[in-house]
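So that the names make sense, note that chain A is the first sequence line, chain B the second, and so on, each numbered from 1. Computed over heavy atoms, backbone and side chain alike; hydrogens, waters and symmetry mates excluded.
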Protein chains: 2
Amino acid sequence: MATISDVARLSGLSRSTVSRVLNNYPYVSEEKKRLVNEAMEQLNYFPNASAQKLRNQKTETIAVLIPMLTNPFFAYLLQGIDTIATENGFQLLVCQTRYDKEKELNFLNLLKSKQVDGIILTSIENSWDQLEPFLKYGPIVMCNEYEKTAKNVPSVRLDQVYGGYIATRHLIEKGHSTIAYCRGAFRSGIASDREIGYRLALEEFNLPYREELMFRAAADSRDGEEVFKKLMTLKERPTGIFTGSDQVAAGIIKQAKLNGIEVPKELAVVGFDDQPIAEIVVPEITTVKQPIHEIGEKAMGLMLNLLLPNESDSIEEVELQLQLIERAST
Amino acid sequence: MATISDVARLSGLSRSTVSRVLNNYPYVSEEKKRLVNEAMEQLNYFPNASAQKLRNQKTETIAVLIPMLTNPFFAYLLQGIDTIATENGFQLLVCQTRYDKEKELNFLNLLKSKQVDGIILTSIENSWDQLEPFLKYGPIVMCNEYEKTAKNVPSVRLDQVYGGYIATRHLIEKGHSTIAYCRGAFRSGIASDREIGYRLALEEFNLPYREELMFRAAADSRDGEEVFKKLMTLKERPTGIFTGSDQVAAGIIKQAKLNGIEVPKELAVVGFDDQPIAEIVVPEITTVKQPIHEIGEKAMGLMLNLLLPNESDSIEEVELQLQLIERAST
DNA sequence: TTGTAGGCGTTATCAG
DNA sequence: CTGATAACGCCTACAA
């Protein structure tokens, strides 16, 4: 590949001038500009990105840490992030942690090696103390998952306590008094918050909290199927269940159908997220809608704010709303 | 951030020696090694990636061009690629083309700017003539989508003609004689090949090919629902339908249920891919299984072969098998 | 408006 | 085994 020197040589000008044309500097005569452009054309010149990054000390690249690409929730989140990133000329380095603490920690080094200008966290595997020190090396933005103790990190928040509350209350209002809660298997402030909301609703309606109605599954439909089976073994079977994702809800509904349990008559199911699958399954799934794409957009927006401090007011926090969508599964 | 010079200074050695320690060179005395490591520790040193890339002329990064992250097929493909990439210390730059020719072309410039060592294409928006010239600048590997005219590109292939054939034959053997085919909306050699297979099967069993049974939808369940509605308006309704993805199949099945059409008795449905959704929906979807994760793994494997020519034999082509999975929807 | 020179942080070559 | 030096390709004072 040709370098800037080749272009300079061919056009009979200096490297500086070529660079100026390249970067649209104001004071270059049309004449030389033409010359340079011709030379670039002829040599099929393209600037070397590593050289630019080294020189400019920035990369226009953001690392996005994601547990699992195949979890549709994260795919949508990523797409939201990508939308805003692309609009602003940023690239995304996608980093799958696979729910692994060590991997997560390694990826944070991307900041130290200046391979990326910032990092967006969509989950947290380590405790915040572990991650905090990396703030020294560049901006970190959190979305989806969050840490209450982390005061100084810009983040996109949703009131997950409220989410758990409205889901549970909805079931209660539908006449259910024995309601299970099925959360993810991993360490998660989100899941815990929703559980708080779940309990809040129970309390409000004077319903007892019962340990045997709590399930910890991972996040997919197969886990949902397992949960259903366990449900069937309980002495006192719940008539309603609130789950951490639509995938899990779908798995439960599937097994219910296969076992002749009618949804929602015999078992009412509430999902979470409002992913496409919520509307594919029959009956469609009542769910707590998260504006997933928007969460991603806002997160990347926060990142840009930190990176380009020209936009006067640097918003450091965004709050988005959860919303119950009632469908046929309750 | 500290640089290699800082480490050199603090340890009282030269930059060369520091660099040698950094890169595990053989001939460094244990003594100095210790000194260097201490200094690095103390300064919290981390090598600058851009400088290394500039110097070494390689990036250990691969760009993966993908139409849409939220299409689960591509999410799984990407995860397959990521698995092998990670194992070998490579990073992935994820590039969404959103089915846009121009975006695709722009991403290819990553090769010219040496931002990545290679590119994996999971779809093709432009004609191959447009893309071919970029081969000069680095390796390109194709998986999933392919171009028959592209002789000289390593690729992971699946016999999509066969896929279309076995799906259609299966429906015929189930007793259907009016069979629809529903493909994606975009330009695609895959979809065309499957159509060839579809026709082959019809011919073999002396069934007529009929234009009105061909549908062009995009790729998701909502499109499937639309297709179902169109199906219902036909004078002579098909009793079997073969679709380009499990998503579309799921959409069709959903609308069938909602409209009191029994699957498979009144309408048999065959999907494609064998994605998780194929087993979530009731009835479960008969489908042509693609080893999606493996396709991704093999593609990245081919890329590594091109990049690290030490592995004597450079395999330039991988062929994987499609397989019909019979489930309750047929 | 243009050119010269120096440095961004590494690593490879060569000499010692 | 270790150190000096040049070079990777680009950008930006500074000088002209």
When you compare the side chains of [X] and [Y], does any donor N or O come within less than 3.5 Å of an acceptor on the partner?
X: A/Arg98; Y: B/Thr83; result: yes
X: A/Gln91; Y: A/Glu60; result: no
X: A/Asn44; Y: B/Lys112; result: yes
X: B/Ser50; Y: B/Gln52; result: no
X: B/Thr59; Y: B/Asp117; result: yes

| field | Test: B/Glu30 and B/Arg34 ion pair at under 4.0 Å | value |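 No, B/Glu30 and B/Arg34 are not salt-bridged.
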
| message | Is any side-chain heavy atom of B/Met142 closer than 4.5 Å to one of B/Ile124? | response |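 Side-chain contact under 4.5 Å: yes.
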
| Rounded to whole angstroms, how far apart are CZ on A/Arg15 and C1' on D/dT12? |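 Value for this atom pair: 12 Å.
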
| request: Would you mind reading off the distance between A/Gln57 atom CD and D/dG9 atom P, rounded to a whole angstrom? | output: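 After rounding, the gap between these two atoms is 19 Å.
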
| request: Using heavy atoms to find the nearest nucleotide of DNA chain C for B/Asn56 and A/Arg20 separately, return the residue whose nucleotide is more 5′. | output: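 Counting from the 5' end, the first nearest nucleotide belongs to A/Arg20.
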
| Going by heavy atoms closer than 4.0 Å, what residues in residues 28-51 of chain B are next to DNA chain D? |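 B/Val28, B/Ser29, B/Lys32, in order of number.
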
| field | Quiz item: A/Arg55 side-chain donor-acceptor pair to C/dG9 base, under 3.5 Å | value |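 By the distance-only test, no, there is no pair.
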
| query | Nearest nucleotide by nearest heavy atom, which residue falls closer to the 5' end of DNA chain D, B/Tyr27 or B/Leu54? | reply |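 With B/Leu54 and B/Tyr27 compared, the 5'-side residue is B/Tyr27.
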
| query | Which sits closer to the 5' end of DNA chain D, A/Asn23 or B/Leu13, going by the nucleotide each is nearest to? | reply |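 The residue mapped nearer the 5' terminus is B/Leu13.
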
If only side-chain N and O atoms of [X] are considered, is one of them under 4.0 Å from the OP1 or OP2 phosphate oxygen of [N]?
X: A/Ser19; N: D/dC11; answer: yes
X: A/Tyr25; N: C/dT1; answer: no
X: B/Gln52; N: D/dC8; answer: no

| request: Among D/dC10, C/dG3, D/dG3, find the nucleotide with the atom closest to the side chain of A/Thr17. | output: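 So the side chain of A/Thr17 is nearest to C/dG3.
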
| query | Heavy atoms under 4.0 Å, any strand shown: does A/Ser16 hit a base, just sugar-phosphate, or nothing? | reply |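 Here A/Ser16 touches the bases of the nucleic acid.
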
